[in-house]
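Here's the structure we're looking at; comments come further down.
Throughout, residue positions are numbered sequentially from 1 according to the sequence presented. Worth saying up front: this structure is predicted, and the values here are computed from it rather than measured.
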Amino acid sequence: MLSRYAMHRRGFAMVAAGLLAAACGDPTVRYVGEPQAGPPGPAGPEGPQGAVGAQGATGATGTKGTTSAPPRNRSKEEVVLAAPRDLANGLEDPYFTHLIVNAWNSLSKLDNNLVPQPELAESWESNDDATVWTIKLRSGITFQDGEVFDAGAVAANIERYVQISPRSSRFFSYATERALGQFEKVEAVDASTVRLTLGRPRPALPNTMSNFYSAMFSPASFTAEGSFKAPPASAGPFKIVEWEKGQHLILEAFEDYHRGAPAVKQLTIRSLPDPNTRVAALRSGEIDGVVDLGGLQPQQGAQLREEGALVVGSRPIALQQYLAFNNRKPPFDKPEMRQAVNMAIDRQSLAKDLWHGFATPGGSILPEFADLWVRQDLVHEYNPQKAQQLAQAAMGGQRMKIDVPISALQNNRYPYKSLHEVIQAVIAPLGLDADLQLVEHAAWKEVVKNGDYHLTVSTHGWANGDPDYLFSRFMHSKGDTNAQRHFDYNDPEVDKLVVQAASSLDYNERKVLYDQLQEIAFKDVRFATLLYDHVVFAHHPALEGYDVSTLYQPSLSQLSVR
């Protein structure tokens, strides 16, 4: 029978413009090391832009521009896209390619409200305590090498994941505990039925095994040790035919794809790390579109929309931009100073002026579209006067220099330098003199991990839609993000709430517990969500069917060229 939780789940099938301009012109950022790529230069006139796709993915050709569409010198069956990074990672990677490539399918996937839906699975159910899960599989599916997708193949894939765990990935590292909980065994009951037996309740298994954590490949693709022999065969809409690191990934349509062969027969994804190069390639018609996080920076999207030659759109995604405080170092060991900084930041202006409308002001740690879980009533107060009063009381009128590192990698995706300069400007009246340092991402991670910082801005995604994915990392005393960012959560009551919420079989009970945790995080301000990000994309107007999901996966299998 379905667990009570599973049954319930199934039922839910910036500051002011003048200050911004001043802050963005402040030449006080120190460059440490060699940035991976420079921030994009001005693409043309910039200014505040309205939101695009605030409630979903939206395309618009623009109304003010008169630029004509770029020439397109390819057949209707060939599409060339660009990404800011390699979207394939080689034979040792658990999945070889990123989810957004559309080269593989998984047992379960998330919809745009982060609710799990069957993909290669047809349905699932659990026993009363959610320790035994029975998964029914779709029939009539074959892998790209002609092998049959059945329960034996699923069991072989799960056993491979358990064998290689933990296995790092540039995309999403695999860990059995994160995916399946306390795994005991997997059995092929019959050709279309798989049974998973776990050592403790796993009420959110359809979430935790979604996407990366149940990507399926033909067992003939991997060795006895679990690595791939060659680019793997999967059951996805596109199969890999060529990959050159740092250059491109070439895919071709899988004609026997169970949802119908894609109309685009050859898909090339080029690796173009420099944001200006990507935009130039778009404008010239060298590429048909961009994919991935940071494929377009917000100001580039705004300018391309203004020009009107390309289709520009966006989608709110499961990614937050958050302010991280080192709670172990003065002055942010005092909650009043964290509250003061948090209160001095105008999130509405950040979203409108700096992100050009391609973001939503942040509140809860959970994104606004996660209807099952998010508390919409948590809204950060913007009150510079009160912020100064709090800071004055906490610091007694003294001034303090603080270290604020900036990731060069993130600055290549988002306007991080400008964002940190805005923060630098608005916290100066609080008695804080921010020393901004733009550093290589690896160096940034090391600085933050070692606690050699006071505050910084970072991103964090929500890959599986299970709230435990965030709360166990950010708020549990043993959480990796809690430790690496020095949030210093070490509260037995908070730990108890996190553990209880993760194991409860009742949705209503979990909802109450996660409501409490959202409020605790909101009031403690050990970290604070600044913005909920939107992925920005643009493509040639000849492309039809282009959409993106809240996990920024483009609908490549639905593309056609008119």
Exercise: identify the closest heavy-atom pair between [X] and [Y]:
X: Ala502; Y: Asp468; result: CB-OD1, 3.5 Å
X: Trp462; Y: Ala370; result: CZ3-CB, 3.4 Å
X: Leu497; Y: Gln516; result: CD2-OE1, 3.6 Å
X: Ala340; Y: Ala387; result: O-CB, 3.2 Å
X: Glu368; Y: Val374; result: O-CG1, 3.6 Å
X: Val499; Y: His476; result: CG2-NE2, 4.0 Å

Say whether, by atom type as modelled, one donor and one acceptor occur between the side chain of [X] and the main chain of [Y] under 3.5 angstrom.
X: Ser169; Y: Phe171; answer: yes
X: His454; Y: Asp403; answer: yes
X: Ser418; Y: Pro415; answer: no
X: Gln299; Y: His356; answer: no
X: Thr277; Y: Leu272; answer: no

Find the distance between [atom1] ([X]) and [atom2] ([Y]) and round it off to the nearest 0.5 Å.
X: Leu419; Y: Asn411; atom1: CG; atom2: CG; result: 10.0 Å
X: Arg413; Y: Ser407; atom1: CZ; atom2: OG; result: 8.5 Å
X: Gln518; Y: Asp377; atom1: CD; atom2: CG; result: 8.5 Å
X: Tyr95; Y: Asn211; atom1: OH; atom2: CG; result: 10.5 Å
X: Lys511; Y: Leu372; atom1: NZ; atom2: CG; result: 8.5 Å
X: Thr550; Y: Leu110; atom1: OG1; atom2: CG; result: 7.0 Å

Legend entry - Reference residue Tyr416; test side-chain hydrogen bond (donor to acceptor under 3.5 Å, both in side chains); the match among Glu421, Gln321, Gln297: Gln321
A side-chain contact here means heavy atoms from C-beta on lying under 4.5 Å apart; do [X] and [Y] qualify?
X: Ile520; Y: Met475; result: yes
X: Asp466; Y: Arg510; result: yes
X: Ile345; Y: Tyr382; result: no
X: His540; Y: Val311; result: no
X: Leu551; Y: Leu114; result: yes
X: Thr97; Y: Leu249; result: yes
X: Arg338; Y: Lys334; result: no
X: Pro70; Y: Leu310; result: yes

Inset, instruction - Identify, with sequence neighbours excluded, every residue that meets side-chain hydrogen bond (donor to acceptor under 3.5 Å, both in side chains) alongside Asn113. - result: Asp371
Legend entry - Verdict with reasoning, Arg526 to Asn482, per side-chain hydrogen bond (donor to acceptor under 3.5 Å, both in side chains): CA-CA 9 Å; Arg526 294 173 184 263; Asn482 178 34; over 6 Å; no
Inset, instruction - Could you pull out all residues at least two apart from Gln392 that satisfy side chain to side chain contact (heavy atoms under 4.5 Å, CB included)? - result: none
Inset, instruction - Tell me, with the steps shown, if Gln303 and Glu307 meet side-chain hydrogen bond (donor to acceptor under 3.5 Å, both in side chains). - result: CA-CA 6 Å; Gln303 177 59 31; Glu307 293 172 3; 3.3 Å; yes
Inset, instruction - Show your reasoning for whether ring-ring contact (aromatic ring centres under 6.0 Å, His included) applies to Trp104 and Phe212. - result: CA-CA 9 Å; Trp104 46 260; Phe212 285 100; 5.4 Å; yes
[Y] and [X] side chains, donor-acceptor separation under 3.5 Å:
X: Gln410; Y: Thr459; result: yes
X: Tyr489; Y: Asp495; result: no
X: Trp444; Y: Ser458; result: no
X: Asp86; Y: Trp243; result: no
X: Arg178; Y: Asn464; result: no
X: Gln348; Y: Asp346; result: no
X: Gln437; Y: Tyr453; result: no
X: His248; Y: Thr268; result: no

Inset, instruction - Please check if atom NZ in Lys329 has more than 12 non-hydrogen atoms from other residues, nucleotides or ligands closer than 6.0 Å. - result: yes
Do [X] and [Y] sit within salt-bridge range, that is, some charged N less than 4.0 Å from a carboxylate O?
X: Asp547; Y: Arg315; value: yes
X: Asp292; Y: Arg85; value: yes
X: Arg485; Y: Asp480; value: no

Inset, instruction - Decide side chain to side chain contact (heavy atoms under 4.5 Å, CB included) for Val535 and Phe358; before the verdict, give the C-alpha distance in whole Å, the side-chain angles of both, and the deciding distance to 0.1 Å. - result: CA-CA 7 Å; Val535 66; Phe358 295 116; over 6 Å; no
Legend entry - Results of salt bridge (charged side-chain N to carboxylate O under 4.0 Å, His left out) for Arg328 - residues two or more places apart only: Asp488
Aromatic plane relationship, [Y] with [X] - under 30° parallel, 30 to 60° tilted, over 60° perpendicular:
X: His539; Y: Tyr546; result: parallel
X: His460; Y: Tyr322; result: tilted
X: Phe527; Y: Phe487; result: tilted
X: Tyr469; Y: Phe172; result: parallel

Inset, instruction - Tell me, with the steps shown, if His486 and Phe325 meet ring-ring contact (aromatic ring centres under 6.0 Å, His included). - result: CA-CA 8 Å; His486 304 278; Phe325 294 98; over 10 Å; no
Inset, instruction - Take Arg170 and Asp93 through the test salt bridge (Lys or Arg N to Asp or Glu O under 4.0 Å) and record every step on the way to the result. - result: CA-CA 8 Å; Arg170 288 173 54 242; Asp93 190 274; over 6 Å; no
